[in-house]
Structures are given as C-alpha cells and as structure tokens.
Amino acid sequence: MRDKIVAGNWKMNNDLQEGIKLTSEVVNMVQDEVMGNVRIVLGTPFIHLTNVAKMLTESENIFLAAQNCNEHESGAYTGEVSASMLSSVGTDYVILGHSERREYFGETNKQLAAKVDIALGHGLIPIFCCGESLEIREANDHFEFVCQQLTESLFHLDTEAFSKIVIAYEPIWAIGTGKTATSEQAQDMHAKLRTHIAEKYGTSIADDTSILYGGSCKPSNAQELFACPDVDGGLIGGASLKSRDFIDIVKSF
Ligand SMILES: O=C(CO)COP(=O)(O)O
C-alpha cells in the first residue's frame, strides 16, 4: 500500500517567526480536526528546520522536508547544506529537482542522481520532482521527457533504494500560474510514470510508489485530483503558506 502524502513547499517564503506561527497552526488543526490517514510534510527553508523539527516531535503524521541538499558529503562548498546536516536536525524528506532549481540553478538529471544517492545515504526520503514545460507538452513530447528524468536520476538505484523514493509530477506550466493540469492530464502522466517504474522495478514496487501532483493545487481542485487512481497526494506551493488552505487540501482525500 502506498502512502498518501500532502507536502507543502514553502519555497523562499516566511521568516522564522512566520514559519513558527504557520507550523503551530498546522499542528493545532491536525490535533483538533478529523482527517484521514495522510502523511503531512512541511517543506521549509533551511533556517526553519531546527525549530520546526522540535515543534513536530509529538505529531505522528507530520514530517519535515528540506527543499534541496548538496550532492557532496562535506567540504569547501560555500553556502551549501549537506544531507548529513539535514539529518542531524531531524529532517525526514528532501525535495530534489524542483523545476525552479533546474531552471535557476542549472541542476541536471545527472547531478540529481548524485543528490538522490547522498540523501538516501543519510536516511532522507527524496521527493523527486519531474515535469515538462509548456513547449514540450505542445510538441507532445511530455511523456518521453518526464520518463527520461526518472531514468537518468533514479534508475541507477537498486530496488530497495528505489522503494524509498517519492515522486512529484509538477508540470512547469501549472506552477504558480493558477493553471492546474486537468485531473485527466494528471492521471495520464501518473499512470505513465507508474508503468515506466514497473518496467524497471516490477509492478509491486510501482504500485507502492507514491506519485504526487504539484502545480496550482488548492482546496477547490484537490478533491478531484486526489480522486484519480494514480494520484497519491500533492506537492503544494502557494496554498501551503496558509494553514487553513493547506489543511483543507489534506482533508480533500
Ligand atoms: O511548485 C510547486 C510545489 O513544489 C507548486 O507551486 P504552486 O502550488 O504555487 O503552483
């Protein structure tokens, strides 16, 4: 059985006080309201991790994610943060290969393969992001493009290591644009990715891999997206910055 996951990606938003306030609102809502069996993940900026980790010690179903890690173990990489540092402060997940990191920081599939390895090596669960631009979709190359992102960054893993990975499909044209993929477009891609995983690792591993959708997911469309058989949750940007919206998305399952 694969996990249902709703992960917030705060991106570069919230100072420490705002992050603490948002976290405490989420923790309280999760305590007070009835919700299904969903793993909730807070993807905070690095500087929040230590504080937020301490706030989550009592919460069994709320987990902590970083938004990136460096691919090297340690050393002279000024300004970077290592996977072992993330683990040492209680981080559970790390978002890797977000399209913003690919676009603005030049991250490549090959580099991401190294980030995935080091993250797993330090006990972090990668939330591996993939997704196509509008241009690629309009050229009808989107299935091939996204499958290749998985092949090049993940398919060197052995079965045991791959079974830990969470995938997030985020079509670039839907991120922060208010333009959500239709549930049919999301389902088609998720099914395609699951088949691609099955061809490499077998159907049992593919069936157990959580594949999240991201891109303008909000309370008004989450229910329809999460009802798709191959959509196992969401990676939420803008709507994760408001506790009520974020929790309403969690409750859309
Ligand atoms: O990039 C995203 C999550 O990683 C999606 O962002 P939005 O939900 O703001 O479109």
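Remember, it's 1-based here, ligands and their atoms both numbered in the order they're listed. Quick caveat, the model's predicted, so the values are computed rather than measured.
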In ligand 1, the atoms that come under 4.0 Å of a heavy atom of Ala174 are 10 (O)
Atoms of ligand 1 under 4.0 Å from any heavy atom of Glu170, numbered from 1 in the order shown, are 1 (O), 2 (C), 3 (C), 4 (O), 5 (C)
Query raised in the report: So do Pro45 and Asn14 actually touch side chain to side chain, heavy atoms under 4.5 Å?
Result: no
Parallel under 30°, tilted from 30 to 60°, perpendicular over 60°: which one fits the rings of Tyr201 and Phe155? perpendicular
Quick look: Asn9 vs ligand 1, heavy-atom contacts under 4.0 Å, and the answer is side chain
re atom 8 (O) of ligand 1, the protein heavy-atom contact at minimum distance is Gly237 N, 2.9 Å
Q) So is Ala239 in contact with ligand 1, going by heavy-atom distances below 4.0 Å? A) no
Going by the 4.0 angstrom heavy-atom rule, the piece of Lys11 near ligand 1 is side chain
Nitrogen or oxygen of Gly176 less than 3.5 angstrom from that of ligand 1 | yes
Does an N or O anywhere in Gly215 fall below 3.5 Å from an N or O of ligand 1?
-> no
Can you find a pair of side-chain heavy atoms, one from Glu107 and one from Asn68, that are under 4.5 Å apart? yes
Ligand 1 to His98, heavy atom cutoff 4.0 Å, flagged ligand atoms 1 (O), 2 (C), 3 (C), 4 (O)
Does any donor atom in the side chain of Gln187 or Asp230 lie under 3.5 Å from an acceptor atom in the other side chain?
yes
